[in-house]
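Have a look at the structure below, then the notes.
Since the model is a prediction, treat every value here as computed from it, not as a measurement. By convention in this document, chain letters (A, B, ...) are assigned in the order of the sequence lines, proteins followed by strands, and residues within each chain are numbered from 1.
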There are 2 protein chains.
Amino acid sequence: MSQSIQRAAEVLELVAQEPRTQAEIAARLGVHRSTALRTLQTLCDAGLTRRRADGRYGLGYRLAGLANVAAEQFDLREIARPALERLGRECRHTVHLAALDGDAIVYVDKIEQPGMVRLYSQIGQRVVLHTAGVSKAILAFQPSDVVERMLQGHEFTAHTTTTITNRPDFDRALAAVRERGWAEDDAEYEDFANCVAMPVRDAGDSVVAAVSITSLRASADLGTLRGLTPLLAETTAGISRDLGWRPAGPETTDPQEAYR
Amino acid sequence: MSQSIQRAAEVLELVAQEPRTQAEIAARLGVHRSTALRTLQTLCDAGLTRRRADGRYGLGYRLAGLANVAAEQFDLREIARPALERLGRECRHTVHLAALDGDAIVYVDKIEQPGMVRLYSQIGQRVVLHTAGVSKAILAFQPSDVVERMLQGHEFTAHTTTTITNRPDFDRALAAVRERGWAEDDAEYEDFANCVAMPVRDAGDSVVAAVSITSLRASADLGTLRGLTPLLAETTAGISRDLGWRPAGPETTDPQEAYR
DNA sequence: GCTCCTTGTTGCACCTGCCGCAACGGCGTG
DNA sequence: CACGCCGTTGCGGCAGGTGCAACAAGGAGC
């Protein structure tokens with residue numbers, strides 16, 4: 001909507017990847033050198049970026065402060081953290097927490113294992129809807145109009161040989177998720193990584209987030225991960241309960257409960 | 001420089017304080033409601049803010065991700081962290097690390113103690129130059145032209161009865177710092193908090209940062225804090241060494257060393 | 001049921017303030 | 001010494017940000 005703010009945000013993403021020179025940023029943004037400079041100056045004033053000793057621009061100190069505050073505002077993250085850490089300790093794999101954020105699904109937290117390869121995901125990033133386990137775990141339990149809206153215009157780009165590349169196949173995958181209760185990513189984004197994921201529900205019984213266990217196929221294949229679903233179920237049930245969710249009794253499994 | 005980016009940064013600060021409504025933000029910015037909305041939408045698109053369940057706007061998840069990356073770019077912080085944590089464990093008070101960042105001094109890291117009152121400082125925030133211990137510890141060892149530039153237009157606002165309110169007194173304070181090797185904040189900003197601070201030097205023997213120990217007067221007065229200066233000296237010397245600083249031999253204590 | 005309030009959204013006209021350009025100076029490197 | 005890179009400044013043009021008004025939708029309160 002607002003061009004210059006959009007550009008400023010792009011600058012943040014650029015210098016987050018690695019500190020960059022003013023000329024490089026101007027080139028990547030496709031704007032004149034002086035324009036990039038003015039943007040950078042404003043951002044530096046605000047402490048969001050900073051000029052480093054080597055002359056390149058990097059992220060600013062203020063970001064760390066804002067993030068500290070932000071973490072306090074993330075009720076979900078705060079609530080889920082202990083459960084995620086426990087899961088991480090017990091399964092020894094990378095754990096992700098992703099949540100619905102408007103019409104997108106974003107990574108909200110991540111537990112990494114010491115010595116493990118870093119995965120592509122970053123906190124705050126949008127999840128690739130048609131490949132990630134967490135997105136399937138969430139989408140499978142959304143009303144169809146929500147799914148429709150979120151997938152509108154979505155490109156089913158092939159990243160590996162197992163990527164789901166069309167809507168009908170994806171719908172079948174969601175149906176499978178609903179049936180068995182968990183979602184999988186069978187090396188659909190990176191051919192060396194796979195994962196299992198399960199949904200998290202809130203007090204209104206809506207699925208608002210999902211937790212996944214990701215591993216390198218070399219260290220644990222899908223079959224091994226499936227063996228971890230009981231552990232994962234325990235984790236997601238715990239988080240859901242902390243969010244105020246109440247396990248449905250047999251009589252409340254019908255749609256009548258919607259009337260509270 | 002760039003108005004809309006400046007506003008966007010203000011928005012970030014506003015919602016960092018607490019989640020706010022669109023109308024509130026518009027009022028604080030002094031702009032029309034629709035303008036504020038457009039700014040917010042752009043920021044939300046970038047993940048820097050987000051619309052919360054209660055309709056108010058808060059900080060976005062992407063900030064947490066950016067901050068993770070940012071922390072990796074902060075060499076000083078990375079290097080100093082272990083020493084600060086150790087100091088925190090040993091003195092049981094709040095520990096600050098502040099650094100020169102262009103023509104400002106900003107908090108770079110902070111060790112809080114469980115159960116302690118939260119202090120005003122936030123990572124990334126500019127230090128109040130005439131009251132903070134860290135700023136005196138840094139300014140006392142800067143070339144006079146740098147001090148001049150940084151204090152240009154600075155207001156010596158009184159925050160408590162002990163605040164230094166004019167330049168000559170401040171210069172005398174800096175001289176005292178040079179003499180005894182550490183700086184103090186005698187309840188100059190908040191009447192219930194005081195601190196001691198010492199400088200950190202880099203490989204070129206320049207003072208680039210400072211570490212402070214802050215406490216509530218009720219829990220430890222200035223006299224008690226002064227007793228901690230040996231511990232503080234150990235910490236700053238350790239960080240300085242990690243930055244490549246070499247303790248000066250007796251013959252290099254004269255100004256000749258400036259010629260390297 | 002009703003109203004009142006807040007918010008999201010859209011269209012439009014105005015004009016601010018951002019953009020691109022060019023030129024100069026400083027600094028470090030080859 | 002030349003060259004490249006960067007910061008800075010002034011200026012004209014115009015894109016795009018801004019303010020305004022009007023409407024719809026949702027919620028709270030009565």
Side-chain angles (χ1 to χ4, degrees), chain A residues 1-12 14-15 18-46 48-58 60 100-104 143 145-146 149-150 152 203-204 206 258-260, chain B residues 1-12 14-15 18-46 48-58 60 101-104 143 145-146 149-150 152 204 206 260:
Chain A
M1 302 237 91
S2 173
Q3 192 191 46
S4 40
I5 298 178
Q6 230 167 24
R7 274 210 262 265
E10 280 176 59
V11 169
L12 287 183
L14 283 173
V15 300
E18 55 170 333
R20 297 177 188 276
T21 65
Q22 166 248 52
E24 201 177 348
I25 293 170
R28 297 243 178 188
L29 253 53
V31 298
H32 195 272
R33 211 165 50 87
S34 64
T35 303
L37 183 63
R38 284 188 270 246
T39 302
L40 282 166
Q41 281 175 336
T42 311
L43 286 174
C44 286
D45 267 0
L48 300 179
T49 60
R50 58 187 251 273
R51 186 124 199 268
R52 299 156 43 99
D54 58 7
R56 294 183 302 168
Y57 290 87
L100 262 178
D101 184 29
D103 278 354
D145 61 320
V146 172
R149 204 174 56 236
M150 292 181 62
Q152 192 168 30
S206 311
Y259 299 108
R260 181 161 359 116
Chain B
M1 302 240 97
S2 173
Q3 193 191 43
S4 42
I5 298 178
Q6 228 166 23
R7 274 210 262 264
E10 280 176 58
V11 169
L12 286 183
L14 283 173
V15 300
E18 55 171 332
R20 294 176 190 277
T21 65
Q22 164 247 55
E24 201 177 348
I25 293 171
R28 298 244 177 186
L29 255 53
V31 299
H32 195 273
R33 204 165 54 86
S34 62
T35 304
L37 184 62
R38 284 188 271 248
T39 303
L40 282 166
Q41 282 175 336
T42 312
L43 286 174
C44 286
D45 266 1
L48 300 179
T49 61
R50 59 186 250 272
R51 186 124 199 267
R52 298 156 43 98
D54 59 6
R56 295 182 302 168
Y57 289 87
D101 182 31
D103 277 354
D145 60 321
V146 172
R149 203 173 57 233
M150 292 181 63
Q152 193 168 28
S206 311
R260 176 164 2 118

> B:Leu29 has an atom CG; how far is it from atom C1' of D:dG19, in whole Å?
Replying inline: 14 Å

>> What is the separation between atom CD1 on B:Ile5 and atom C1' on C:dC18, rounded to the nearest whole Å?
In response: 10 Å

>> I need the minimum non-hydrogen distance between B:Pro19 and B:Arg56, along with the two atoms involved.
In response: O-NH1, 3.3 Å

> Where the side chain of B:Val31 is defined as all heavy atoms beyond and including C-beta, which of C:dT7, D:dG19, D:dC6 is the nearest nucleotide?
Replying inline: D:dG19

>> I'd like to know whether A:Leu100 forms a side chain to side chain contact (heavy atoms under 4.5 Å, CB included) with A:Val146, so could you lay out the CA-CA distance, the side-chain angles of the two residues, the decisive distance to 0.1 Å, and finally the verdict.
In response: CA-CA 11 Å; A:Leu100 262 178; A:Val146 172; 5.5 Å; no

>> With a 3.5 Å cut-off and heavy atoms only, can you find an N or O donor on one side and an acceptor on the other between the side chain of B:Arg38 and the base of D:dG19?
In response: yes

> Starting at CG of B:Leu43 and ending at P of D:dG17, how long is that distance when rounded to a whole Å?
Replying inline: 13 Å

> Quick one: B:Leu37 CG to C:dT6 P, roughly how many Å, whole number?
Replying inline: 15 Å

>> So A:Ser2, base contact, sugar-phosphate only, or nothing? Heavy-atom distance under 4.0 Å.
In response: sugar-phosphate

> Between A:Arg20 (side chain) and A:Ile25 (backbone), is there a donor-acceptor pair under 3.5 Å?
Replying inline: no

>> Looking at D:dG7, I'd like to know if its phosphate oxygens (OP1 or OP2) sit under 4.0 Å from a side-chain N or O belonging to A:Tyr57.
In response: yes

>> Quick check on D:dC6: is either OP1 or OP2 less than 4.0 Å from any side-chain nitrogen or oxygen of A:Thr21?
In response: yes

> How many Å lie between CZ on A:Arg33 and C1' on C:dC19, as a whole number?
Replying inline: 14 Å

>> Tell me the interatomic distance from A:Arg51, atom CZ, to D:dG7, atom C1', rounded to whole angstroms.
In response: 8 Å

> In whole angstroms, how far is the C1' atom of D:dT18 from the NE2 atom of B:His32?
Replying inline: 9 Å

>> Once rounded to the nearest 0.5 Å, what's the spacing between atom CZ of B:Arg38 and atom OG1 of B:Thr35?
In response: 5.5 Å

>> Taking 4.0 Å as the cut-off, does a side-chain nitrogen or oxygen of A:Gln3 come that near to OP1 or OP2 on C:dC18?
In response: no

> Which part of the nucleic acid does A:Ser34 contact within heavy-atom distance under 4.0 Å: base, sugar-phosphate only, or nothing?
Replying inline: base

> Between A:Thr35 and C:dG20, does any side-chain N or O lie under 4.0 Å from OP1 or OP2?
Replying inline: yes

> Expressed in angstrom and rounded to an integer, what is the separation of B:Gln22 atom CD from C:dT9 atom C1'?
Replying inline: 11 Å

>> A:Ser2 vs B:Ser4, test: side chain to side chain donor-acceptor pair (under 3.5 Å). Steps then yes/no.
In response: CA-CA 8 Å; A:Ser2 173; B:Ser4 42; 4.6 Å; no

